[in-house]
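In listed order, ligands and their atoms are each counted from 1. In this text the structure is predicted, and so the values were computed from the model without any measurement.
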Amino acid sequence: MRKKIVAGNWKMNLNLEEGQKLTSEIVNMLKDENIKDVIAVLNPPFVHLYPVKKLIGDTPNLFLGSQNCSDKASGAFTGETSAGMLASFGATYVIIGHSERREYFKESNQLLTEKTKQALTNGLTPIFCCGEPLNIREAESHEAYVKQQLTESLFDFSPEEMSKIVIAYEPIWAIGTGRTASSDQAQEMHAALRTHLASKFGQELADNISILYGGSANPGNAKELFSKPDVDGGLIGGASLKSRDFVEIVKSF
Ligand code: 13P
């Protein structure tokens with residue numbers, strides 16, 4: 001059975017004190033809520049990983065993730081952080097190929113294959129991001145565009161490797177804009193991606209892959225989005241910076 005996952009992507013926000021406060025609030029709220037079948041993941045900036053992990057402790061269903069990792073294992077790569085380092089800090093998830101990294105840091109589909117390999121080699125679950133810009137959506141070629149992102153980055157993995165990857169569909173026009181995709185638009189794309197994965201890896205494997213939606217998700221629209229059969233959770237930006245909003249989204253299944 002595929003997992004329900006709500007991952008918070010803090011992006012480059014919050015200083016140490018703010019990050020610790022947010023984490024403590026989420027930990028306390030989740031303990032009260034006793035959430036059983038949803039996995040919550042906090043993805044702070046690298047420098048917050050250690051203090052956030054210490055605060056998460058053994059909170060049930062709450063995990064640590066990173067926003068990025070290097071495509072290399074180790075060596076003279078100034079400023080980079082390896083997947084092995086993240087694992088040694090207790091991270092179990094890593095976001096790979098966020099559209100902001102693709103756009104601002106020119107990360108290619110080929111580079112993202114290498115990052116995904118590093119994550120898998122070190123036992124991290126990659127949250128592999130895909131999604132189209134507005135002009136591609138308006139030209140109605142969004143499905144082909146996003147399928148190609150998966151094909152070029154992930155289709156050389158073995159079925160065993162692929163079964164460990166989580167997909168996050170984040171239409172770029174919906175990120176940080178307040179203009180969320182409708183639940184029907186999300187469902188349509190998620191179903192298309194699952195069919196695409198099935199064409200390469202088989203239906204059973206595709207049925208077990210979690211596909212998250214990201215882009216202006218909030219406590220007001222999460223229930224509707226998560227009610228769709230192929231939407232298995234969310235990758236949350238702005239709303240993950242507010243403890244109550246994040247926890248309400250976790251409770252939205
Ligand atoms: P927002 O939720 O702020 O739109 O960001 C989505 C996102 O990019 C999560 O990775």
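Both the backbone and the side chain of L235 come within contact range of ligand 1, each with a heavy atom under 4.0 Å. Heavy atoms of C129 found under 4.0 angstrom from ligand 1: none, in either backbone or side chain.
Using a cut-off of 4.0 Å between Lys/Arg side-chain N and Asp/Glu carboxylate O, R244 and E33 are scored as salt-bridged. Look at D71 and K117 and you find no salt bridge, because none of the NZ, NE, NH1 or NH2 atoms lies under 4.0 Å from a carboxylate O. Looking at E248 and K251, a side-chain N of the basic residue comes within less than 4.0 Å of a carboxylate O on the acidic one, giving a salt bridge.
Near A174, meaning under 4.0 Å from any of its heavy atoms, are these atoms of ligand 1: 4 (O). Each of the following atoms of ligand 1 lies closer than 4.0 Å to a heavy atom of G215: 4 (O), 6 (C). Taking every non-hydrogen atom of G238 and a distance limit under 4.0 Å, the qualifying atoms of ligand 1 come out as 1 (P), 2 (O), 3 (O). Ligand 1 places these atoms under 4.0 Å from at least one heavy atom of E170: 6 (C), 7 (C), 8 (O), 9 (C), 10 (O).
Looking at N9 next to ligand 1, an N or O pair under 3.5 Å apart turns up.
Looking at E170 and H98, their side chains do bring a donor and an acceptor atom within 3.5 Å of each other.
Residue contacts with ligand 1: S240 is excluded, as none of its non-hydrogen atoms falls under 4.0 Å. Within the structure, ligand 1 has G176 among the residues with a heavy atom less than 4.0 angstrom away.
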Legend entry - Test salt bridge (charged side-chain N to carboxylate O under 4.0 Å, His left out) applied to E17 and K21, step by step: CA-CA 6 Å; E17 196 185 329; K21 182 167 176 283; over 6 Å; no
Inset, instruction - Apply the test ring pair (Phe, Tyr, Trp, His ring centres under 6.0 Å) to residues H196 and F155: give CA-CA distance (whole Å), side-chain angles for both, the deciding distance (0.1 Å), then the verdict. - result: CA-CA 10 Å; H196 188 50; F155 273 29; 4.7 Å; yes
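Residue, atom and distance of the protein heavy atom nearest to atom 2 (O) of ligand 1 are G237 N, 2.9 Å.
Using cut-offs of 30° and 60° on the angle between ring planes, the pair H190 and Y213 is tilted.
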